[in-house]
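Every heavy atom of this structure was used, including side-chain atoms; hydrogens, water molecules and symmetry mates were not. Lettering of chains follows the sequences in order, A, B, ..., and the numbering in each one begins at 1.
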Amino acid sequence: GAVVSQHPSWVICKSGTSVKIECRSLDFQATTMFWYRQFPKQSLMLMATSNEGSKATYEQGVEKDKFLINHASLTLSTLTVTSAHPEDSSFYICSPEGAGDRLGNEQFFGPGTRLTVL
Amino acid sequence: GQSLEQPSEVTAVEGAIVQINCTYQTSGFYGLSWYQQHDGGAPTFLSYNGLDGLEETGRFSSFLSRSDSYGYLLLQELQMKDSASYFCAVRDNYGQNFVFGPGTRLSVLP
């Protein structure tokens with residue numbers, strides 16, 4: 001399976017600050033990156049999909065100016081939560097996909113980042 | 001629209017068999033997958049059904065009926081470590097992304 005890392009694994013910040021989350025695919029080239037958010041006891045909700053070198057496509061209800069996604073290389077994508085507020089506290093998970101994986105059977109996930117905004 | 005339904009909670013004892021059902025309504029369908037997620041962790045892949053029928057992988061089996069838009073995950077010889085949340089997921093939007101069900105929290109009792 002694919003090896004995916006996320007950094008940091010957890011972060012606590014004050015309201016109004018920005019937080020950057022990095023997602024790296026360590027053993028394959030991620031042409032597509034899915035970013036999910038998961039609130040406690042809820043399912044994974046897709047926030048946005050990005051293709052390397054292109055602007056991300058955001059799901060309805062997700063503010064693109066608040067959740068900045070950069071996917072400048074095939075091994076690294078970042079999600080920046082700008083001006084974070086307590087309601088942004090959640091578990092953020094990335095999921096890379098390589099070229100040719102479309103319609104593949106298995107989706108790989110990063111270990112997730114637990115964000116707590118005070 | 002797209003929606004998946006699963007029971008919210010299931011409780012069983014060690015050694016038992018449990019079935020977690022999933023029904024779906026999606027605009028596209030490219031197979032039903034199952035994922036396990038322990039508290040604080042990321043989802044991990046368990047099983048996939050692209051065609052009707054039963055797929056067996058060790059203690060876990062998964063079934064799909066495309067005509068009924070229905071599938072299930074069968075866990076046999078339950079162990080305490082199987083206590084986790086289980087999500088069904090469907091590839092939707094012409095294969096662009098996965099849509100996850102609400103999840104079923106399985107509690108295995110001694």
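Counting only distance, with no hydrogens or angles, the side chain of B:Tyr35 and the backbone of A:Glu106 share no donor-acceptor pair below 3.5 Å. A:Ser43 places no side-chain N or O within 3.5 Å of a backbone atom of B:Gly103 that could act as its donor or acceptor partner.
Within the model, atoms CD of B:Gln37 and CZ of A:Phe109 stand 8.5 Å from one another, a figure rounded to the nearest 0.5 Å.
The ring of A:Phe108 has its center no closer than 6.0 angstrom to the ring center of B:Phe45.
Hydrophobic clustering (side-chain heavy atoms under 4.5 Å, transitive across Ile, Leu, Val, Met, Phe, Trp, Tyr) groups B:Phe60 together with B:Leu32. The same ILVMFWY cluster, assembled from side-chain heavy atoms under 4.5 Å apart, contains both B:Leu46 and B:Leu78. Residue A:Val62 is not grouped with residue A:Leu68 when hydrophobic side chains (ILVMFWY) are merged at heavy-atom distances under 4.5 angstrom, including chains of intermediate members.
Only the side chain of B:Phe87 comes within contact range of chain A, judged by heavy atoms closer than 4.5 Å. In this structure, chain B has a heavy atom under 4.5 Å from the side chain of A:Ile93, while its backbone stays farther away. Neither the backbone nor the side chain of A:Gln6 comes within contact range of chain B, judged by heavy atoms closer than 4.5 Å.
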- Before giving the answer on side chain to side chain contact (heavy atoms under 4.5 Å, CB included), spell out for A:Gln107 and B:Phe100 the whole-Å C-alpha distance, their side-chain angles and the decisive distance to 0.1 Å. CA-CA 12 Å; A:Gln107 192 170 5; B:Phe100 286 82; 3.8 Å; yes
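Within a 6.0 Å radius of CD in B:Gln79, other residues, nucleotides and ligands contribute more than 12 heavy atoms. Within a 6.0 Å sphere centred on NZ of A:Lys66, other residues, nucleotides and ligands contribute more than 12 heavy atoms. Within a 6.0 Å sphere centred on NE2 of B:His38, other residues, nucleotides and ligands contribute more than 12 heavy atoms. With a 6.0 Å radius and a threshold of 12 heavy atoms from other residues, nucleotides or ligands, B:Gln19 has its CD atom above the threshold.
Counting heavy-atom pairs closer than 4.5 Å to chain A, the top residue among B:Ser8, B:Gly40, B:Ala42 is B:Ala42.
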